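Just below is one structure, and these are the notes that go with it.
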Protein chains: 2
Amino acid sequence: MVKSSPHKIQEIRRASRRLVRALGFMKANLAGTSLSPSAVHAIVEIGSGQAGRASELAATLQLEKSTVSRLLDRLSEKGLLTVTPSARDKRAQDLELTASGARLYGEIERFADAQVSAALEHLPGSCHDTVRLGLELYAAALQGEKPKPEFQIQSGYTPGILAAVTEFHALYYAQNFEFGAVFERKVATEMAEFLARVDHPQNEVFYAAIHGRVVGSVSIDGEDLADGVAHLRWFIVGDQARGTGMGQRLLAEALRFVDDMGFAETQLWTFRGLQAARHLYEQAGFVLVEEKPGQQWGKEVSEQKFLRPHGASGAGP
Amino acid sequence: MVKSSPHKIQEIRRASRRLVRALGFMKANLAGTSLSPSAVHAIVEIGSGQAGRASELAATLQLEKSTVSRLLDRLSEKGLLTVTPSARDKRAQDLELTASGARLYGEIERFADAQVSAALEHLPGSCHDTVRLGLELYAAALQGEKPKPEFQIQSGYTPGILAAVTEFHALYYAQNFEFGAVFERKVATEMAEFLARVDHPQNEVFYAAIHGRVVGSVSIDGEDLADGVAHLRWFIVGDQARGTGMGQRLLAEALRFVDDMGFAETQLWTFRGLQAARHLYEQAGFVLVEEKPGQQWGKEVSEQKFLRPHGASGAGP
DNA sequence: CATAACAGTTGCATTATGCAACCAAGTGAG
DNA sequence: CTCACTTGGTTGCATAATGCAACTGTTATG
């Protein structure tokens with residue numbers, strides 16, 4: 001795993017500090033209420049249905065239960081909250097906002113939304129997702145969560161897929177093997193040609209998207225090799241999604257298509273040095289059948305041909 | 001300007017709350033010191049040379065000056081800090097960490113770095129930049145800053161440029177004009193062809209990069225039209241950089257090249273409905289000379305031909 | 001030179017908070 | 001069923017953090 005550079009960490013910490021202060025500042029004047037930060041957080045949590053118990057509140061707000069107890073006292077004294085003993089567990093108590101509590105919650109929501117909205121206005125709209133994603137990832141990471149890779153494999157053309165596949169190839173191979181313009185052009189041109197005939201029943205392109213962006217893809221070209229031979233092409237997963245099992249999923253989906261269509265065998269060309277990919281290929285039933293130097297990608301590498309017979313499903317243990 | 005959806009704002013707020021709590025939690029136990037959050041922040045600010053005055057500290061920590069005064073008292077009592085009257089301004093006082101203060105600062109730094117580093121370990125390395133950028137942008141936005149668009153215009157092939165240009169075209173025109181595969185393929189194929197001969201002295205590709213990623217580009221094709229006629233092609237700025245003046249800069253750079261190379265005139269094709277671009281073109285001295293329906297981009301639009309004579313520099317006021 | 005603005009201090013009141021000891025209600029093993 | 005243990009919450013106590021307002025001394029400005 002790649003460690004983040006100290007410099008990057010510094011920058012993250014620096015931004016966090018600013019953030020905490022800026023948000024802390026917001027909280028103080030929040031919606032003109034005279035409530036403390038914790039009280040506001042409590043109202044929000046209860047109002048949004050995230051916390052129905054005092055103990056839950058203590059957990060999310062990271063406060064001691066006694067503090068929460070008193071906090072709830074204050075809020076119910078002000079008539080913002082009803083605290084009723086729970087029916088199921090007589091130790092516990094159900095928390096619910098009163099009408100005026102709900103009104104306050106609404107105000108806080110509107111106020112906070114406006115604040116955030118105003119802040120975001122300072123940024124070009126395209127940054128909004130970066131902000132959202134960055135915050136979510138970091139918040140999750142701080143609490144020790146691994147982000148769940150939510151992606152779905154889909155098939156067929158989607159805008160940007162040619163670009164994405166080209167980009168991943170160009171950047172990855174430029175960085176790791178110093179491939180250049182020839183390679184990027186080759187990928188773009190050949191895949192463009194393929195996409196023109198992707199609707200042919202023996203062809204298909206698969207991709208995984210996160211937040212509407214293509215982050216991984218693989219294609220089956222059923223026409224360009226011999227009859228009954230499927231050609232697995234442009235198999236790649238972008239930086240953002242590497243190590244999430246996406247490659248495996250894509251490959252599985254593609255091979256299911258291959259088997260469903262009754263191809264006698266599947267071929268693919270790659271070259272020596274792509275260990276992770278090779279592992280995936282072999283797991284999926286591919287076998288290395290040929291290896292020789294070549295420079296079809298604009299640079300001399302040891303090209304490898306893999307083959308997978310119909311229905312093969314991986315090397316034994 | 002595009003408003004962010006309420007949903008997105010909710011998500012940002014939700015993540016912010018988690019973040020503040022998680023960080024708040026970190027602060028409490030921070031490095032095993034018995035210091036309050038503010039005290040730790042103060043040490044960090046002073047230690048990192050960001051604050052040499054009490055008033056500066058009050059500003060960055062968003063605290064009242066009296067609070068800061070007392071905070072500094074406590075710290076100097078503990079021998080972490082020296083508070084000496086400033087030479088230049090007898091009202092003010094210079095803040096400096098003592099040896100033991102500096103040691104503590106070092107510990108805090110190491111501890112916090114380790115925390116952040118540990119958190120980041122939960123994320124794939126490729127997310128780190130998203131986190132950093134997202135936090136920085138949001139922190140800046142909350143304090144009302146507009147992020148400075150730091151980009152430089154460069155020329156020549158760079159890995160990923162074909163992909164980036166294709167992507168921006170595909171996504172933008174798919175979203176706004178429902179262009180599809182035909183268009184994306186056309187862009188990729190033609191630009192790939194162009195890049196094969198971009199080293200010819202009459203051709204050039206210009207691009208702007210942020211953090212090493214291409215976010216805007218324009219090309220001059222000096223060969224595909226008549227002799228002495230420059231063809232301005234693939235002019236586009238990505239989402240992330242729209243509204244930053246990058247388009248103008250790219251265009252200016254491209255036209256400088258055109259004029260330097262002594263082209264008699266420059267032509268470009270676009271179509272009705274791209275107002276922002278049209279404005280830029282006219283500012284740069286282009287004039288609309290022809291308009292007729294066509295479908296060279298895979299969909300029927302009102303195609304426009306613009307022309308700019310050598311050295312023209314924009315419409316008068 | 002008078003006045004305002006600035007940097008910081010101090011008295012006072014308020015509030016949030018944690019710890020420890022406590023109670024009451026559920027849980028589980030034998 | 002019983003006894004020890006856990007869970008959800010309350011209360012007494014001490015303390016730390018904070019803001020406001022009034023204050024001192026210094027510098028800037030007309």
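Please read these numbers as outputs of a predicted model, since none were measured by experiment. Naming: A, B, ... by sequence-line order, numbering from 1 per chain.
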message = I want to check something: taking the side chain as every heavy atom from C-beta on, are Glu45(B) and Leu57(B) in contact at a cut-off of under 4.5 Å?
response =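 SC-SC contact between Glu45(B) and Leu57(B) confirmed.
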message = Is any side-chain heavy atom of Gln175(B) closer than 4.5 Å to one of Leu171(B)?
response = no
message = Please encode protein proximity along nucleotides 7-17 of chain D as a string of B, S and -, counting only heavy-atom distances under 4.0 Å.
response = BSBBBBB---S
key: By side chain to side chain contact (heavy atoms under 4.5 Å, CB included) - contacts of Ala15(A) (at least two apart)   =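 Partners of Ala15(A) by the side chain to side chain contact (heavy atoms under 4.5 Å, CB included) criterion, ordered by chain and then number, come out as Leu135(B), Glu136(B).
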To the nearest angstrom, how far is [X] atom [atom1] from [N] atom [atom2]?
X: Gln62(B); N: dG19(D); atom1: CD; atom2: P; result: 10 Å
X: Leu61(B); N: dT18(D); atom1: CG; atom2: C1'; result: 13 Å
X: Leu75(B); N: dT9(C); atom1: CG; atom2: P; result: 13 Å

ask   = Which pairs count as salt bridge (charged side-chain N to carboxylate O under 4.0 Å, His left out) when at least one residue sits in residues 47-67 of chain B, sequence neighbours excluded?
value = Arg53(B)-Asp94(B)
task = Start with the C-alpha distance between Arg110(A) and Glu107(A), add both sets of side-chain angles, then the distance that settles salt bridge (charged side-chain N to carboxylate O under 4.0 Å, His left out), and finish with yes or no.
result = CA-CA 5 Å; Arg110(A) 246 176 300 126; Glu107(A) 272 171 46; 5.5 Å; no
